[in-house]
2 protein chains.
Amino acid sequence: MPTSSAHFRRLCTERGIAVTHQRQVLYETMREMKGHPSPEEVHERMRTTIPSVSLATVYKNIHLFVASGVFRQMSVHHGTLRVEMNREEHHHMVCSICRSITDVEASEIDVRLPENRLPGGFRVERCSVDIIGVCAACQAAGKNTMPAQTTVTELRPSH
Amino acid sequence: MPTSSAHFRRLCTERGIAVTHQRQVLYETMREMKGHPSPEEVHERMRTTIPSVSLATVYKNIHLFVASGVFRQMSVHHGTLRVEMNREEHHHMVCSICRSITDVEASEIDVRLPENRLPGGFRVERCSVDIIGVCAACQAAGKNTMPAQTTVTELRPSH
DNA sequence: CTGATTGCAAACGGTTTGCAGGCTT
DNA sequence: AAGCCTGCAAACCGTTTGCAATCAG
């Protein structure tokens with residue numbers, strides 16, 4: 001009797017999508033990966049199990065998983081396809097130098113939205129906080145990385 | 001005596017960058033535009049003033065402006081190059097259907113970070129909140145746009 | 001006059017698409 | 001058996017780069 005296989009099979013039938021070997025391996029590969037792996041990284045990892053799998057299939061199925069609610073896409077306006085592997089509510093620390101993203105537990109940050117009175121009848125689904133700054137590694141690596149962006153003194157034209 | 005021209009000239013000399021016609025027009029075009037225009041859109045608009053300007057120049061100079069602190073790039077982990085035209089502190093409402101982004105005054109939202117105790121010695125510069133949901137237009141337009149993403153009932157596999 | 005800046009066109013990286021063959025139901 | 005799914009290769013889109021001609025300091 002399959003264990004995780006059974007779980008995945010149920011996941012698919014609930015959503016009316018076919019159970020294929022690639023999908024199952026993709027699903028399990030992604031669940032094993034921490035952080036916010038790129039499709040490329042997921043693909044690379046999947047190849048250890050199915051060497052012949054194509055990147056196109058990875059893309060198609062990540063989209064399928066996101067569309068059917070198996071995974072959640074991170075920051076909707078993000079340009080590249082990244083998926084949340086962390087199922088807990090959380091926010092992000094984003095390093096402005098190396099762009100690495102680290103999760104922060106939702107409980108660490110206190111956000112209060114105005115009582116459903118956002119402008120323009122916007123219906124709120126959720127809310128995600130990006131803490132922008134410099135990660136420890138980049139601080140240690142010294143100042144010479146991307147100097148202009150970070151050493152600017154006058155952020156606003158004085159006009 | 002030039003008015004905004006003088007202002008721009010000063011902006012450049014302060015930062016040690018050359019004053020060119022393209023840069024001046026780019027700067028003014030961007031300041032006139034609301035929201036978070038794409039380089040493509042900025043380019044299109046610039047052409048009404050300098051029809052021969054190239055998209056490459058637009059890219060190069062948006063980067064230059066961001067690097068020298070004239071403008072601020074929005075959400076660092078954003079994939080595509082977008083710049084903040086709004087100089088006030090603010091956050092964003094992002095429509096998960098049409099991906100439109102609307103600004104919300106910072107004062108409307110109350111965010112509290114833990115007292116400089118973020119994990120891993122991260123140095124905080126600023127913090128930006130994305131309120132994710134559905135804009136009024138998309139609500140009015142009805143449910144049939146991108147059905148799967150929004151009508152999903154079971155967000156987490158039940159296991 | 002010298003080096004920075006521009007416009008062009010080609011390269012690039014990530015993502016999407018069309019299609020023929022194979023697999024799931 | 002019917003249709004969805006896969007892998008491949010080509011197309012695509014936004015962005016970057018190399019280069020020769022031009023411009024700012």
Side-chain angles (χ1 to χ4, degrees), chain A residues 2 5-6 8-27 29 36-44 46-47 49-68 70 73-83 99 146 148, chain B residues 2 5-6 8-27 29 36-44 46-47 49-68 70 73-83 99 146 148:
Chain A
S5 159
F8 180 70
R9 194 168 287 272
R10 180 156 49 86
L11 213 63
C12 288
T13 48
E14 274 173 12
R15 290 165 176 75
I17 66 188
V19 179
T20 69
H21 186 210
Q22 289 73 343
R23 278 180 192 159
Q24 165 129 25
V25 173
L26 174 64
Y27 176 74
T29 302
H36 313 92
S38 64
E40 204 79 51
E41 287 162 344
V42 174
H43 180 226
E44 202 52 50
M46 249 192 104
R47 302 185 97 184
T49 311
I50 311 180
S52 64
V53 73
S54 78
L55 184 54
T57 298
V58 170
Y59 272 101
K60 284 170 188 163
N61 286 313
I62 293 180
H63 281 305
L64 180 71
F65 285 161
V66 169
S68 59
V70 174
Q73 185 167 2
M74 61 173 295
S75 57
V76 195
H77 63 287
H78 197 302
T80 179
L81 182 59
R82 302 285 174 129
V83 167
R99 309 203 156 197
M146 283 191 73
Chain B
S5 161
F8 180 70
R9 194 168 287 272
R10 179 154 50 85
L11 211 65
C12 287
T13 49
E14 275 173 11
R15 292 165 174 75
I17 65 187
V19 179
T20 69
H21 186 210
Q22 289 73 342
R23 276 179 193 162
Q24 164 127 27
V25 173
L26 175 62
Y27 176 73
T29 303
H36 313 91
S38 65
E40 204 80 51
E41 286 162 345
V42 174
H43 180 227
E44 202 52 49
M46 251 191 102
R47 302 186 97 184
T49 310
I50 311 180
S52 64
V53 73
S54 78
L55 183 55
T57 298
V58 170
Y59 272 101
K60 285 169 188 164
N61 286 311
I62 292 180
H63 281 305
L64 180 72
F65 286 159
V66 169
S68 58
V70 174
Q73 185 168 1
M74 59 174 295
S75 57
V76 195
H77 64 287
H78 197 299
T80 179
L81 182 58
R82 301 287 173 128
V83 167
R99 306 200 162 201
M146 282 191 74

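Numbers restart at 1 for each chain; the letters A, B, ... are given by sequence-line order, proteins then strands. This structure is a prediction, so every number in the text was calculated from the model and none was measured.
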For this session: Measure from the side-chain heavy atoms of B/E40 and tell me the nearest of C/dT6, C/dT16, D/dG14.
Result: D/dG14

Seminar exercise, completed: Residues passing the side-chain hydrogen bond (donor to acceptor under 3.5 Å, both in side chains) test with A/S54, sequence neighbours excluded, are A/T57

For this session: Look at the side-chain N and O atoms of A/Q22 and state whether any lies under 4.0 Å from the OP1 or OP2 oxygen of D/dG7.
Result: yes

Exercise. For B/E40, which residues count as a side-chain contact (heavy atoms from CB on, under 4.5 Å) partner, sequence neighbours excluded?
Worked result: B/S38, B/L55

Exercise. Within this structure, what is the CG-to-P distance between A/L64 and D/dC5, rounded to whole angstrom?
Worked result: 7 Å

Exercise. What's the NE2-C1' distance between A/H63 and C/dG14, to the nearest Å?
Worked result: 11 Å

Problem set entry | Atom pair distance, as rounded to whole Å: CZ in B/R82 and C1' in D/dG14 | 10 Å

For this session: Could you pull out all residues at least two apart from B/H43 that satisfy ring pair (Phe, Tyr, Trp, His ring centres under 6.0 Å)?
Result: none

Problem set entry | Protein proximity profile, nucleotides 18-25 of chain C - base contact B, sugar-phosphate-only contact S, no contact -, cut-off 4.0 Å on heavy atoms | B-----SS

Exercise. Which distance, rounded to the nearest 0.5 Å, do you find between the NE2 of B/H21 and the CD1 of B/I50?
Worked result: 4.5 Å

Exercise. Looking at B/T57, does any N or O in its side chain come under 4.0 Å of the phosphate oxygens OP1/OP2 on C/dG7?
Worked result: yes

For this session: Select base, sugar-phosphate, or nothing to describe what B/S38 touches, counting heavy atoms under 4.0 Å on all strands.
Result: nothing

Exercise. Which whole-number value in Å describes the distance from A/M46 CE to D/dC5 C1'?
Worked result: 13 Å

Problem set entry | Contacts of type side-chain contact (heavy atoms from CB on, under 4.5 Å), residue A/I62, not counting sequence neighbours | A/L26, A/M30, A/P39, A/V58, A/V66, A/L81, A/V83

Exercise. Does B/V19 reach the side chain of B/R23, with side-chain heavy atoms less than 4.5 Å apart?
Worked result: no

Problem set entry | d(CD, B/E41; C1', D/dG14) in whole Å | 13 Å

Seminar exercise, completed: The answer to which of A/N61 and B/L55 contacts DNA chain D further toward the 5' end, by nearest nucleotide, is A/N61

For this session: Specify the separation, in whole Å, of atom CD1 of A/I62 and atom P of D/dC5.
Result: 16 Å

For this session: Have a look at B/H43 and say if it touches a base, only the backbone sugar-phosphate, or nothing, with a 4.0 Å heavy-atom cut-off.
Result: nothing

Problem set entry | Any residue meeting side-chain hydrogen bond (donor to acceptor under 3.5 Å, both in side chains) with B/Q24, in chain and number order, not counting sequence neighbours | B/E28

